[in-house]
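Below: the structure, in structure tokens.
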Amino acid sequence: MVIQRIIYAFGHRTMPLLGNPHTTQAIRNMSTEVLATESSDKGMIILNRPKALNAINLEMVRKIYKHLKKCEKTKSLMIIKGTGDKSFCAGGDVRAVVEAGPTEESKNFFREEYATNALIGNYKIPYIALIDGITMGGGVGLSVHGKYRVATERTLFAMPETAIGLFPDVGGSYFLPRLEGKIGLYLGLTGFRLKGEDVLKAGIATHFCESSKLSDLESALLNCPDADEVPEILSKFNSPSAKPFVLTPQMEQINNCFSAESVEEIVENLKKDGSEWATKTLQTMSKMSPTSLKVTFRQLELGSKLSLPQCLNMEYRMVVRHLENSDFKEGVRALLIDKDQKPNWNPTTLEAVTEERVQSFFAKLPDTEELKLGA
């Protein structure tokens with residue numbers, strides 16, 4: 001969903017709007033920040049905010065959703081990508097959301113973002129996300145629920161929300177528990193970053209393509225006469241190495257330590273493990289919001305048994321509660337505004353986060369305020 005903690009300027013190289021020079025294209029400049037393009041039978045969305053690492057805001061979400069709805073009925077496939085070579089989408093502009101507070105506009109950002117995630121998860125035509133560069137938070141929501149996700153050697157994936165007092169949203173409660181073993185819980189609690197081929201080997205991407213070949217892949221997709229050829233085209237450009245998954249050496253430890261009934265038990269398991277990996281993991285978790293850790297644990301536990309729309313409905317309740325009263329504002333202050341890296345979490349320990357407090361984030365909203373996706 002939302003999130004990016006890295007909102008500063010990068011130089012950028014503008015990528016071609018459509019990789020097919022022989023096709024007449026109608027370019028709808030729905031916003032300078034979202035370029036919605038189309039040929040006679042193909043659609044494309046280009047996130048065009050490179051100085052903010054293509055982080056999304058409410059206006060962008062609305063235009064993405066509108067174009068997705070239109071193309072689902074009139075086109076044979078949809079491609080989404082980011083401008084520049086640094087980022088696909090680094091997340092949502094959470095600083096703006098936090099500074100606005102629990103306003104209707106802030107709630108609308110999440111409401112409409114989650115509706116977009118649900119649309120992507122049930123998209124009727126092939127949806128291909130070219131996740132070249134930073135893909136975090138909201139960028140994960142714009143890609144992971146689609147049928148095809150193409151990573152490159154520049155892809156950097158993470159769900160680092162516990163570090164800013166939030167939780168892995170945009171459907172994190174759906175896709176994280178469905179990864180192999182306890183990888184999803186590990187990623188959700190620690191914000192561990194996966195790079196390049198490891199995004200594929202974790203099961204988050206579906207294909208891996210060298211960034212130098214992306215333009216050729218794009219052209220092949222835009223030139224294909226039939227959407228039934230998409231799997232074959234993606235397979236042709238898929239070129240992962242035989243190098244093992246970065247977490248393979250720790251998989252047994254991850255599964256053992258994170259197969260627990262609570263976050264406190266995970267911490268105890270890590271202490272008993274005592275390895276260098278376990279010690280580093282403990283150090284990482286000690287920096288996260290204790291409330292966020294316990295809420296995320298419960299979120300992923302519940303999400304493992306829910307559909308994507310049900311997960312997003314639950315996450316909307318959770319995010320409204322976070323806007324009203326949580327560590328979210330303090331986390332964004334410490335990491336993104338003042339940048340002192342010294343958040344004052346409340347409470348400061350896992351033990352002080354009561355079961356009643358955890359449950360409060362999942363409480364139903366007034367009926368008129370519920371998200372009700374898939375209802």
Quiz item: With no hydrogens and no angle check, do the side chains of E161 and S292 hold a donor and an acceptor under 3.5 Å apart?
Solution: no

Quiz item: Between N54 (side chain) and S87 (backbone), is there a donor-acceptor pair under 3.5 Å?
Solution: yes

Self-check item: Path from W345 to V358 over hydrophobic side-chain contacts below 4.5 Å
Solution: no

Self-check item: salt_bridge(E355, K294) N-O dist < 4.0 Å
Solution: no

Quiz item: Is there a donor-acceptor pair under 3.5 Å between the side chain of K201 and the backbone N or O of L247?
Solution: no

Quiz item: Any chance the side chains of D132 and T152 put a donor and an acceptor closer than 3.5 Å?
Solution: yes

Practice problem: Could you tell me whether a side-chain N or O of R321 sits under 3.5 Å from a main-chain N or O of S326, the two making a donor and an acceptor? | Solution: no

Quiz prompt | Matching residue for T284 among L189, T279, T190 - test: side chain to side chain contact (heavy atoms under 4.5 Å, CB included) | solution = T190

Quiz item: Do side-chain atoms of Y65 reach the backbone of L119 as a donor and acceptor pair under 3.5 angstrom?
Solution: no

Quiz item: Are the side chains of T348 and P290 in touch, meaning some heavy atoms are under 4.5 Å apart?
Solution: no

Quiz item: Taking it one step at a time, do M285 and V263 satisfy side-chain contact (heavy atoms from CB on, under 4.5 Å)?
Solution: CA-CA 10 Å; M285 291 178 64; V263 180; 4.1 Å; yes

Self-check item: Gap separating the CG atom of L336 from the CD atom of Q341, nearest 0.5 angstrom
Solution: 8.5 Å

Quiz prompt | Side-chain donor-acceptor contact under 3.5 Å, N346 with E330 | solution = no

Quiz item: Is any side-chain heavy atom of V97 less than 4.5 Å from a side-chain heavy atom of L323?
Solution: yes

Practice problem: Before accepting this row, confirm whether a basic side-chain N of the pair K236/E232 lies closer than 4.0 Å to the acidic partner's carboxylate O. | Solution: no

Quiz item: Is a side-chain donor-acceptor pair under 3.5 Å present for E197 with S241?
Solution: yes

Practice problem: Could you tell me the separation between the CD1 atom of I204 and the CZ atom of R149, rounded to the nearest 0.5 Å? | Solution: 9.0 Å

Practice problem: Flag yes if more than 12 heavy atoms outside E252 fall under 6.0 Å of its CD atom; otherwise flag no. | Solution: no

Quiz item: Does E112 come within less than 4.0 Å of R62, counting only side-chain N to carboxylate O?
Solution: yes

Quiz item: Is a side-chain donor or acceptor of D273 paired with a backbone partner of N269 at a separation under 3.5 angstrom?
Solution: no

Practice problem: Give a yes-or-no answer on whether the side chains of S106 and T103 include a donor-acceptor pair shorter than 3.5 Å. | Solution: yes

Quiz item: Which heavy atom of Q299 sits nearest a heavy atom of F362, and at what distance?
Solution: N-CZ, 3.7 Å

Exercise. Drop me the distance from F175's CZ to C311's SG, to the nearest 0.5 angstrom.
Key: 11.0 Å

Quiz item: Does I131 offer a backbone N or O that forms a donor-acceptor pair with the side chain of T155 under 3.5 Å?
Solution: yes

Quiz item: Has the side chain of S235 got a donor or acceptor atom that lies under 3.5 Å from a matching backbone atom of P231?
Solution: no

Quiz prompt | Of L312, L371, D169, V320, the residue whose pairing with F110 passes side chain to side chain contact (heavy atoms under 4.5 Å, CB included) | solution = D169

Quiz item: Would the number of heavy atoms belonging to other residues, nucleotides or ligands and lying under 6.0 Å from CD of E180 be above 12?
Solution: no

Practice problem: Determine whether the side chains of S307 and Q310 contain a donor N or O and an acceptor N or O closer than 3.5 Å. | Solution: yes

Quiz item: Is the count of non-hydrogen atoms from other residues, nucleotides or ligands lying under 6.0 Å from K329 atom NZ greater than 12?
Solution: no

Quiz item: To the nearest 0.5 Å, what is the distance between CG (L53) and NZ (K86)?
Solution: 9.0 Å

Self-check item: Considering all heavy atoms, the nearest L142-A129 contact
Solution: O-CB, 4.4 Å

Quiz item: Same cluster for V140 and L200 if Ile/Leu/Val/Met/Phe/Trp/Tyr side chains link at under 4.5 Å?
Solution: no

Quiz item: How long is the gap from CG on L282 to CG on L270, to the nearest 0.5 Å?
Solution: 4.5 Å

Practice problem: With the side chain counted from C-beta on, respond yes when F157 and L187 share a heavy-atom pair under 4.5 Å apart, and no when they do not. | Solution: yes

Quiz prompt | L222 vs M44, side-chain contact (heavy atoms from CB on, under 4.5 Å): CA-CA, chis, key distance, verdict | solution = CA-CA 9 Å; L222 294 166; M44 181 181 283; 4.1 Å; yes

Quiz item: Should D198 and K243 count as an ion pair when the cut-off is N to O under 4.0 Å?
Solution: no

Self-check item: Aromatic ring pairing H322/F167, orientation class (parallel under 30°, perpendicular over 60°, tilted between)
Solution: tilted

Exercise. Taking the side chain as every heavy atom from C-beta outward, state whether N325 and R357 have any atom pair closer than 4.5 Å.
Key: yes

Quiz prompt | Linked, directly or transitively: I80 and I125 (ILVMFWY side chains, under 4.5 Å) | solution = yes

Practice problem: Test V150 against F237 for side-chain contact (heavy atoms from CB on, under 4.5 Å), laying out the working first. | Solution: CA-CA 10 Å; V150 182; F237 283 86; over 6 Å; no

Quiz item: Closest approach of S262 and F297, non-hydrogen atoms and distance?
Solution: N-CZ, 3.6 Å

Quiz item: Under 4.5 Å between side-chain heavy atoms, hopping through other hydrophobics if needed: is there a path connecting F208 to F245?
Solution: no

Practice problem: Report the relative orientation of the aromatic rings in F258 and Y186; use parallel for angles under 30°, tilted for 30 to 60°, perpendicular for over 60°. | Solution: perpendicular

Quiz item: Less than 4.0 Å between a side-chain N and a carboxylate O, is that true for R317 and E370?
Solution: yes

Practice problem: Can you see which heavy atom on S275 is nearest to which on Q253, and at what distance? | Solution: OG-NE2, 3.0 Å

Self-check item: Over 12 foreign heavy atoms within 6.0 Å of CD, E105
Solution: no

Quiz item: Any donor-acceptor pair under 3.5 Å linking the side chain of N48 with the backbone of V34?
Solution: no

Self-check item: E210 and S239: CA distance, side-chain angles, deciding distance, side-chain contact (heavy atoms from CB on, under 4.5 Å) verdict
Solution: CA-CA 7 Å; E210 293 291 338; S239 58; 4.3 Å; yes

Quiz item: Closest heavy-atom contact between C224 and E229?
Solution: CB-OE1, 4.0 Å

Quiz item: Quick one: does V61's side chain get under 4.5 Å of N108's, heavy atoms only?
Solution: no

Quiz item: Quick one: do E59 and K63 make a salt bridge, cutoff under 4.0 Å?
Solution: yes

Quiz item: Do L365 and Y316 have side-chain heavy atoms sitting under 4.5 Å apart?
Solution: yes

Quiz prompt | Side chain T135, main chain G133, donor-acceptor under 3.5 Å | solution = yes

Quiz item: Under 4.5 Å between any side-chain heavy atoms of T296 and M288, yes or no?
Solution: no

Exercise. Over all heavy atoms of both residues, which pair between L217 and C209 is shortest? Give the atoms and the distance, please.
Key: CD2-SG, 4.4 Å

Quiz item: Going from CD on E72 to CG on N122, what distance comes out if it is rounded to the nearest 0.5 angstrom?
Solution: 7.5 Å

Quiz item: Side chains of D93 and M60: closer than 4.5 Å at any heavy-atom pair?
Solution: no

